[in-house]
Amino acid sequence: MKFDVTRFVKLALIFFGLLFLVCLWFGRRQPKPVSSPEGEKITVEDVEILLDALGVSISLSETNGTDQSQGDQETGDREDYLTYGQYEEICRQIGEEEWQLPHYEEKYEAEHGVLKQDWYEAFRILLAHLDTESSIWETTVFLLKVDREAGEAYTENGAMQGANPYRSTAFAENVFQEMKVYVQGNTLLTIVEVLPEEHELGSVWVMESTDGVLDCFYHQTVFQASISEKDGVSIPEREQIADLTFRDGRIIEAKERNEKIHGKLLRVSGEELEIEDYGVYRIAEEAEVYKLYGNLKTLQLADLRVGCADTDFVIHKDKIYACLVSEAQKADQIRVLLKNTAAGSDFHEAVKITVDGEQTKLRMEQMTIGERRTYRSENLTDKVLVEMEGSTRSDHAYRGAIECLRMEQGIVVVNELPLEEYLYAVVPSEMPASYPQEALKAQAVCARTYAYLYILRAGLPALGAHVDDTTAYQVYHNIGENVAATMAVKETDGMLLTYQGEAAGNYYYSTSCGAGTDVVSWQGGNGEVVPYLRGVRVSEADGTVGTGFDVESLRDEEAFRKFITTVHEEDLEKDEPWYRWIYRVEELDEKAFLARLKARYEAAPASILTKAEGEYYVSEPSGKPGKIKRIEVEKRGEGGIAQELTIEAEKATYKVLSEYNIRYVLCDRESAVRKQDGSETVPGMLLPSGFFVLDTVVEAGKDGESVVGYTLTGGGFGHGVGMSQNGAKALGEQGADYGQILSKFYPGCDVKDAEELRE
């Protein structure tokens, strides 16, 4: 048979064509090799940190799924990157099917490093399911400095300002960068993303500038930053304020601010401050306050000392950019706001000033807003006579200078004078000058310390005053100066009550019931304990000797009732009229009672609570509760003071917290207090004290029983914290010196000269 070449060629072409199609078909079924994606990859370290924060224990060194010791030969992936094989194993162990964690099998081979963005997409899902207490959160910070040895990163902005522990080693590689981070508690966990934006630090204190390195101080942090003129950046001089702009971890701009003025600070608010001889300046948003003497510190605007000339002010275009407190001045001058007591206001419509025989009448419409006039005698020992509308002061002659500032609301009158001379008019206004000299000395030390703290941090900075002349601070000029009180001030010149080397925040009151209380009582038992403001037995014998009572045992209702309804012979103030008293409300005016409750809610909503469904209380308006069914003291503090009062009505139950609010709500302004000497007086807004037991009168009506009246059996006059003035009197009469008196009421405190406290 003849061989057919043509037929053979055709069959061969058909065969190879079919073979090609088969190979093509099988080839398409095989997955194409995937290249490792470009971008920043997540490290094993960061993944382990985040899993640990979630409470997930997985050892990634045992879950490689591939030999990673030589890395990804194609892409050069380092072995400390999380591989996709490890990611898949994490998903498997956690149980990703329920949470629908993302898979990226079309994007990665098992040995490829996982991109940050993909990991954090999955991590946010884990976070939602595993962090049920929301302990891990994301925020933005700018990194100023990393202390590897201490394990702390110093951040500048956001909710994490200051030094915070950090975990990821990546923080040390990203100083002067703004970044999104994950945080748990106060610990920086990992960097989510380094942001490309520029970041400016406004008003940085440049301490030194040497060889292109700036030594800086900002937000309590000392740091170094490199700067180069080759980059076209001007280098600030040493000891100057500069605005520094950073990008990609380096300074790209430095703007020095070297225009300064120096003067006495007259007043400061959140928006502006006034400097003597220079006028009013607005405060720049980026303004900083630096204490440059002693230990370098960043301060708050409230720390600037009104009335002092201890600060340089860095200015630019009528704005303050920095305040440089350059020296420690004595806190020996005080500025007192003389209030318009007739109107209950800080402002006056008219004032009459007489100095060195010359009289001036000022009216607010005769002065321009911002105008300030100062009146001072040419003689140091002569005084300025000040007459204010409706004033009931017995003494109108003031030492020192009188400043009258016209503000929009009226004339502000401030008396500036030496602290010691201020006390000449405070001590007799706060304690009768007939009291023993040692008691007057104790009062002088307390009053001086109280004022000293307000000189350091003004109570009324926007008005240019440290304190005012009322009971809101210390009563001033209510009683004229007295030689005994003045001698007490002079004999304790400069002496302060101190605790652990710092001036102690002290308080005092008129009369104890035989026991004092702690400062926590002012917050309904929820405040911060102050070691030296604790309850004390105000008796000749401390503790339980001869009484069976101590301040802690008086928290018990039965023990306190027995204590307060008895006269204890060892109590220092047992003969004082206010030692024991009775307050009886014969007919309860429910409408007025609930109005007082509402008034205290509006003034202190966190202290007037309403019972919600269940057993917890919330702060909300009182509404219309109906008839009052029960009034009871539920909780007592040290010394037995009332801390919580429960008021149960038909439709609501209320809880009143703190002795002040309780005294306010239970005082009807009509019923009289009967003191133990038989005399009676109607209190104004408050009960004499919070030391009392309460007995209600309940009557049955058509709607059931309701409270129709109540009787309080109590003792003492005042808040009960710190020194009892009549207790000090009794100790003085027994021969105690002022140091012993102060030790009795402020345990753990010392008396030191103010000079010893200066920094």
Side-chain angles (χ1 to χ4, degrees), residues 524 554-566 580-602 607-636 640-676 680-715:
L554 296 179
R555 293 179 185 270
D556 178 74
E557 186 69 24
E558 184 178 345
F560 182 71
R561 179 175 288 274
K562 184 178 179 182
F563 174 82
I564 202 67
T565 55
T566 304
R580 293 288 181 265
W581 49 263
I582 293 177
Y583 181 73
R584 184 172 289 112
V585 175
E586 300 287 355
E587 294 185 19
L588 174 62
D589 184 338
E590 289 184 342
K591 184 177 180 180
F593 186 88
L594 293 171
R596 295 194 297 274
L597 188 69
K598 180 181 178 182
R600 290 318 301 160
Y601 172 79
E602 292 173 351
S607 296
I608 309 296
L609 307 177
T610 301
K611 190 175 183 180
E613 292 184 10
E615 294 300 317
Y616 64 93
Y617 286 77
V618 296
S619 176
E620 64 182 26
S622 56
K624 296 181 179 180
K627 289 286 185 180
I628 296 173
K629 300 294 187 180
R630 179 173 66 94
I631 306 174
E632 185 176 348
V633 175
E634 292 281 0
K635 180 181 176 182
R636 296 189 179 276
I641 196 166
Q643 281 187 345
E644 291 186 9
L645 181 76
T646 297
I647 302 164
E648 183 181 334
E650 288 178 302
K651 301 176 183 178
T653 300
Y654 307 106
K655 192 183 292 291
V656 182
L657 307 180
S658 92
E659 59 90 29
Y660 182 94
N661 293 317
I662 293 171
R663 290 164 66 192
Y664 185 97
V665 170
L666 292 177
C667 181
D668 71 355
R669 282 78 157 163
E670 295 178 357
S671 304
V673 177
R674 184 178 181 84
K675 293 177 268 188
Q676 71 172 4
E680 293 187 352
T681 184
V682 177
M685 294 175 57
L686 299 175
L687 294 172
S689 80
F691 297 89
F692 59 80
V693 290
L694 185 154
D695 296 291
T696 56
V697 179
V698 178
E699 290 185 358
K702 63 179 182 179
D703 298 322
E705 292 186 340
S706 61
V707 177
V708 296
Y710 53 85
T711 298
L712 308 179
T713 303

(message) Would you say NZ of K598 has more than 12 non-hydrogen atoms from neighbouring residues, nucleotides or ligands within 6.0 angstrom?
(response) no
(message) I'd like to check K629 versus E650 (side-chain heavy atoms, cut-off strictly below 4.5 Å). Are they in contact?
(response) yes
(request) Start with the C-alpha distance between C667 and L687, add both sets of side-chain angles, then the distance that settles side-chain contact (heavy atoms from CB on, under 4.5 Å), and finish with yes or no. (result) CA-CA 6 Å; C667 181; L687 294 172; 4.0 Å; yes
(message) If I take atom OG1 from residue T696 and atom OH from residue Y710, how far apart are they, to the nearest 0.5 angstrom?
(response) 11.0 Å
(request) Assess the side chains of Y583 and D668: does a donor N or O sit below 3.5 Å from an acceptor N or O? (result) yes
(request) Taking the side chain as every heavy atom from C-beta outward, state whether E590 and K627 have any pair of such atoms under 4.5 Å apart. (result) yes
(message) Check this for me: does any side-chain nitrogen of one of K655 and E644 sit under 4.0 Å from a carboxylate oxygen of the other?
(response) yes
(request) Look at the side chain of R580 and the backbone N and O of I564, then say whether any donor-acceptor pair between them is shorter than 3.5 Å. (result) yes
(request) Applying side-chain contact (heavy atoms from CB on, under 4.5 Å) between R561 and each of T713, V693, L694, D556, report the one that passes. (result) V693
(request) Assign the ring pair W581 / F692 to parallel, tilted or perpendicular, where the plane angle (0 to 90°) is split at 30° and 60°. (result) tilted
(message) In the structure I gave you, are the side-chain heavy atoms of T646 and R630 within less than 4.5 Å of one another anywhere?
(response) yes
(message) Applying side-chain contact (heavy atoms from CB on, under 4.5 Å) to L666 and L645, what does each step give before you reach the verdict?
(response) CA-CA 10 Å; L666 292 177; L645 181 76; 4.0 Å; yes
(message) Distance check, rounded to the nearest 0.5 Å: S671 atom OG versus R584 atom CZ?
(response) 10.0 Å
(request) Find out whether the Lys NZ or Arg CZ of R669 is both under 6.0 angstrom from the six-membered ring centre of Y664 and within 45° of the ring's axis. (result) yes
(request) Could you tell me whether R600 sits above the aromatic face of F593, with NZ or CZ closer than 6.0 angstrom to the six-membered ring centre and within 45 degrees of the axis? (result) no
(request) Evaluate the criterion side-chain contact (heavy atoms from CB on, under 4.5 Å) for residue pair V656 and I608; output intermediate values, then yes/no. (result) CA-CA 5 Å; V656 182; I608 309 296; 3.7 Å; yes
(message) If the condition is salt bridge (charged side-chain N to carboxylate O under 4.0 Å, His left out), which residues does E680 pass it with, not counting sequence neighbours?
(response) R674
(request) Verify the neighbour count for atom CZ of R555: are there more than 12 heavy atoms of other residues, nucleotides or ligands below 6.0 Å? (result) yes
(message) Side chains of P625 and Y654, heavy atoms from C-beta outward: is any pair under 4.5 Å?
(response) yes
(request) Any chance you could measure I628, atom CD1, to I647, atom CD1, to the nearest 0.5 Å? (result) 6.5 Å
(request) Report the distance from atom CG of L597 to atom CG of N661, rounding to the nearest 0.5 Å. (result) 9.5 Å
(message) Quick check: do L588 and V708 have side-chain heavy atoms less than 4.5 Å from each other?
(response) no
(message) Between T711 (side chain only) and D695 (backbone N and O only), is there a donor and an acceptor less than 3.5 Å apart?
(response) no
(message) Let's go through T610 and Y601 carefully: what are the C-alpha distance in whole Å and the side-chain angles of both, what is the deciding distance for side-chain contact (heavy atoms from CB on, under 4.5 Å) to 0.1 Å, and is it a yes or a no?
(response) CA-CA 10 Å; T610 301; Y601 172 79; over 6 Å; no
(request) Measure the CG-CZ distance between L594 and R596 for me, rounded to the nearest 0.5 Å. (result) 9.0 Å
(request) Report yes if the side chains of V673 and I582 come closer than 4.5 Å at any heavy-atom pair, otherwise no. (result) no
(request) Rounded to the nearest 0.5 Å, what's the gap from CD on E699 to OG on S706? Could you check? (result) 7.5 Å
